[in-house]
Amino acid sequence: MTGIEELLLSRIRDVADYPEPGVMFKDITPLLADPAAFSALTGALAEIAVRQGATKVVGLEARGFILGAPVAVRAGLGFIPVRKAGKLPGATLGQAYDLEYGSAEIEVHAEDLSTGDRVLVVDDVLATGGTAEASVQLIRRAGAEVAGVAVLMELGFLGGRARLEPSLAGAPLESLLKI
């Protein structure tokens, strides 16, 4: 385990039986509250953005906003929020996707992404991969290229990587922590 992995793991709190019995929730708020850990996290994600040649960073609502915006600033890139449907004013592009029980939709401002953009998707957790997969589809529909997906932690037992990788079409999926 590397030093940054140890630092990040030491600042993630396990909360038993949240949001329902039997679930072990990974709470990142202690990590965000620690300036050294938060800086190390955003620095590592910004390095991925630069290495992948990204021109913009997409952050997925809501914790992807918390991570994606400082990553974009550190990497010298623009930041684009991908929101739940109905939250953005003006013309949007939407992408529906299936959840375990039902469906959801995410949106981006239509003019924020265009041909020539290389977009890194940033989020806190890769769980089942549904939202990340929908964001990749949305980015491509906007005419931009997917530079990759970067997350703080991947919950491997939920199978998100297997679901997401086919839609990435060779673009990298990078997780700082695998749980």
Side-chain angles (χ1 to χ4, degrees), residues 4 8 11-13 19 25-34 37-52 54-88 92-99 104-110 112-113 117-142 144-156 158 160-161 163-165 167-168 171-179:
I4 189 169
L8 298 176
R11 300 304 189 273
I12 296 172
R13 176 177 53 174
F25 185 78
K26 300 293 185 184
D27 180 15
I28 68 167
T29 58
L31 188 157
L32 300 174
D34 180 324
F38 192 26
S39 181
L41 169 59
T42 57
L45 293 172
E47 191 278 328
I48 292 169
V50 170
R51 182 168 21 89
Q52 297 305 333
T55 60
K56 292 190 177 159
V57 171
V58 153
L60 303 181
E61 188 165 347
R63 287 181 301 255
F65 296 173
I66 297 168
L67 302 182
V71 165
V73 169
R74 283 185 81 158
L77 306 173
F79 175 74
I80 311 298
V82 168
R83 307 259 351 237
K84 295 173 184 169
K87 301 289 185 181
L88 291 171
T92 60
L93 286 175
Q95 182 68 46
Y97 61 101
D98 291 328
L99 300 168
E105 185 174 356
I106 54 174
E107 293 179 333
V108 67
H109 275 133
D112 287 348
L113 295 172
D117 283 329
R118 283 186 48 81
V119 182
L120 179 71
V121 177
V122 171
D123 206 2
D124 64 329
V125 175
L126 177 66
T128 62
T131 307
E133 181 182 42
S135 71
V136 165
Q137 294 166 347
L138 187 60
I139 290 163
R140 289 201 178 110
R141 284 187 45 232
E145 182 182 348
V146 176
V149 174
V151 297
L152 164 59
M153 69 182 127
E154 177 180 345
L155 305 179
L158 292 175
R161 181 174 289 269
R163 176 179 181 170
L164 181 57
E165 280 185 331
S167 67
L168 286 172
L173 166 57
E174 298 192 49
S175 307
L176 299 179
L177 302 172
K178 291 183 180 164
I179 297 171

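As the structure is a prediction and not an experimental result, all values here were calculated from the model. For the single chain, residues carry numbers from 1 onward in sequence order. These values consider heavy atoms only, across backbone and side chains, with no hydrogens, waters or symmetry-generated copies.
With rounding to the nearest 0.5 angstrom, the CD1 atom of Ile139 is 10.0 Å from the OG atom of Ser167. In this structure, Leu93 CG and Arg140 CZ are separated by 15.0 Å, a value rounded to the nearest 0.5 Å. Atom-to-atom distance recorded for Leu45:CG and Asp123:CG is 10.5 Å, nearest 0.5 angstrom.
Counting only N and O atoms by type, the side chains of Gln52 and Arg118 include no donor and acceptor under 3.5 Å apart.
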Report, one line per pair, each donor and acceptor closer than 3.5 Å where one atom sits in a side chain of residues 60-69; sequence neighbours left out.
unit_1	atom_1	unit_2	atom_2	d
Glu61	OE1	Arg83	NE	2.9
Glu61	OE1	Lys84	N	2.8
Glu61	OE2	Arg83	NH2	3.3
Arg63	NE	Asp124	OD2	2.4
Arg63	NH2	Asp124	OD2	3.3

Exercise for the section: Report the C-alpha separation of Arg51 and Glu174 in whole Å, then their side-chain angles, then the decisive distance to 0.1 Å, and conclude whether the salt bridge (Lys or Arg N to Asp or Glu O under 4.0 Å) test is met. Expected result: CA-CA 12 Å; Arg51 182 168 21 89; Glu174 298 192 49; 2.9 Å; yes

Problem - Audit row: Ile48, Leu176, side-chain contact (heavy atoms from CB on, under 4.5 Å) steps and yes/no - result: CA-CA 10 Å; Ile48 292 169; Leu176 299 179; 4.2 Å; yes

Practice task
Test side-chain contact (heavy atoms from CB on, under 4.5 Å) on Arg11 and Leu41 and set out the steps.
Solution key: CA-CA 11 Å; Arg11 300 304 189 273; Leu41 169 59; over 6 Å; no

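The minimum heavy-atom distance between Pro172 and Ala147, with the atom names listed, is CD-O, 3.3 Å. When all heavy atoms are compared, the tightest approach of Ala49 to Ala75 is CB-CB, 4.3 Å. The two residues Pro81 and Leu88 come nearest to each other via the heavy atoms O-CD1, 4.5 Å. When all heavy atoms are compared, the tightest approach of Ser135 to Ile106 is N-CD1, 3.5 Å. Between Leu113 and Ala144, the shortest heavy-atom contact is CB-CB, 4.3 Å.
Inter-residue side-chain proximity for Pro70 and Phe79 is flagged as unmet; no heavy-atom pair is nearer than 4.5 Å. Contact annotation: the side chain of Leu173 approaches that of Leu164 to within less than 4.5 Å [non-hydrogen atoms, C-beta and beyond]. Residues Leu120 and Val122 have side chains in contact (heavy-atom distance under 4.5 Å, counting atoms from C-beta outward). Taking 4.5 Å as the limit, every side-chain heavy atom of Val58 sits out of range of all side-chain heavy atoms of Val108. Contact annotation: the side chain of Leu152 approaches that of Leu31 to within less than 4.5 Å [non-hydrogen atoms, C-beta and beyond]. Contact of the Pro30 side chain with the Ile12 side chain is not registered, since no non-hydrogen atoms from C-beta on lie closer than 4.5 Å. Side chains of Lys178 and Met153 form no contact here, defined as non-hydrogen atoms less than 4.5 Å apart. For the pair Val149/Leu126, no side-chain contact is recorded, criterion being any heavy-atom separation below 4.5 Å from C-beta on.
Here the rule is salt bridge (Lys or Arg N to Asp or Glu O under 4.0 Å) with Glu154, and of Arg161, Lys26, Arg163 only Arg161 fits it.
Residues Lys87 and Glu107 are not paired through a salt bridge, judged by the lack of any N-O separation under 4.0 Å between the basic side chain and the carboxylate.
Between the side chain of Arg74 and the backbone N or O of Glu47 there is no donor-acceptor pair closer than 3.5 Å. In terms of modelled atom types and a separation under 3.5 Å, the side chain of Asp117 and the main chain of Val119 share no donor-acceptor contact.
The salt bridge (Lys or Arg N to Asp or Glu O under 4.0 Å) search around Glu105 returns none, not counting sequence neighbours.
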